[in-house]
Amino acid sequence: QRSTLFSLAKQYKITPANLMLGLFATTLGTATGDEAFRINVPVFWRPPITQGTERVVGDFVNFVVLSVDMTQTDTLIDFCHSVAEKMGPLLGHSFYDGVNVMRDLSLHHGSAQLAPVVFTSALDLPSGDLFSRRVHKHFGKMNWTISQGSQVALDSQVVSIDGGVM
């Protein structure tokens, strides 16, 4: 499955993460009947604000807010490409945290703006799989996960694990 996914992404000149994000957004929009919605996309890069930052262990998640419009493209792959095109500039502006974006949107509209869906991809990890053989040796095979956050209705994660996709 993983090699097929990566081959398909390569064939269409899109990252596996953006391909999956586009497929997820399409599925979500189809299931809910919504033509426009927002998805929180976590960004795990952290600036090296002090010497040794790369050795600090902790949760340093920021997120960007992707606005999805299901009506702008004709085909599924065109939709995935449009998602990828939006993600580039969003990642370039990730220093302005998604929390601030949502706060600003709420102030601008005069009411609470929501983005209760999260999509996380760990398909393009430099190490390949999410966990090393050492982790599996000590903790065993991962069979399932759960993620819950405040004000999150749906938290979807796709990762490379054990040579496949979970």
Would you mind writing out the side-chain donor-acceptor pairs for residues 159-166 within the sub-3.5 Å range, not counting sequence neighbours?
| unit_1 | atom_1 | unit_2 | atom_2 | d |
| --- | --- | --- | --- | --- |
| Ser160 | OG | Leu123 | O | 3.3 |
| Asp162 | OD1 | His136 | NE2 | 3.1 |

When you compare the side chain of [Y] with that of [X], does any pair of heavy atoms fall below 4.5 Å?
X	Y	value
Met20	Phe119	yes
Phe63	Asn40	yes
Leu19	Ile77	yes

Take Thr26 and Val68 through the test side chain to side chain contact (heavy atoms under 4.5 Å, CB included) and record every step on the way to the result. CA-CA 9 Å; Thr26 299; Val68 175; over 6 Å; no
Between atom CG of Leu23 and atom SG of Cys80, what is the distance when rounded to the nearest 0.5 Å? 4.5 Å
Taking only residues two or more places apart in sequence, or in another chain, which ones meet Asp69 in a side-chain hydrogen bond (donor to acceptor under 3.5 Å, both in side chains)? Thr71, Gln72
Is there a path of hydrophobic side-chain contacts, each under 4.5 Å between heavy atoms of I/L/V/M/F/W/Y residues, joining Phe139 to Leu130? yes
Check the hydrophobic clustering (I, L, V, M, F, W, Y; side-chain heavy atoms under 4.5 Å; chains of links allowed) and say if Leu114 and Leu66 are grouped together. no
With a 3.5 Å cut-off and sequence neighbours excluded, list the donor-acceptor pairs that the side chains of residues 1-14 form with protein atoms.
| unit_1 | atom_1 | unit_2 | atom_2 | d |
| --- | --- | --- | --- | --- |
| Arg2 | NH1 | Asp129 | OD1 | 2.4 |
| Ser7 | OG | Ser3 | O | 2.9 |

Considering residues at least two apart in sequence or located in another chain, which fulfil the ring pair (Phe, Tyr, Trp, His ring centres under 6.0 Å) criterion with Phe37? none
Given Phe24 and Val83, is the side chain to side chain contact (heavy atoms under 4.5 Å, CB included) satisfied, shown in steps? CA-CA 11 Å; Phe24 173 76; Val83 165; over 6 Å; no
For [X], all residues meeting side-chain contact (heavy atoms from CB on, under 4.5 Å), sequence neighbours excluded:
X	result
Thr32	Leu28, Asp34
His109	Leu105, Ser111, Gln113
Arg134	Ser132, His138

Among pairs that include at least one residue of residues 146-166, which meet ring-ring contact (aromatic ring centres under 6.0 Å, His included), considering only residues two or more places apart or in two chains? none
All pairs passing ring-ring contact (aromatic ring centres under 6.0 Å, His included) where residues 68-90 contributes a residue, at least two apart: none
Would you mind writing out the side-chain donor-acceptor pairs for residues 84-93 within the sub-3.5 Å range, not counting sequence neighbours?
| unit_1 | atom_1 | unit_2 | atom_2 | d |
| --- | --- | --- | --- | --- |
| Lys86 | NZ | Ser67 | O | 2.9 |

Across all chains, not counting sequence neighbours, the salt bridge (Lys or Arg N to Asp or Glu O under 4.0 Å) partners of Arg38 are none
Members other than Val152 in its cluster, when Ile, Leu, Val, Met, Phe, Trp, Tyr link by side-chain heavy atoms under 4.5 Å? Val118
List the steps and the verdict of side chain to side chain contact (heavy atoms under 4.5 Å, CB included) for Val41 and Thr120. CA-CA 6 Å; Val41 182; Thr120 306; over 6 Å; no
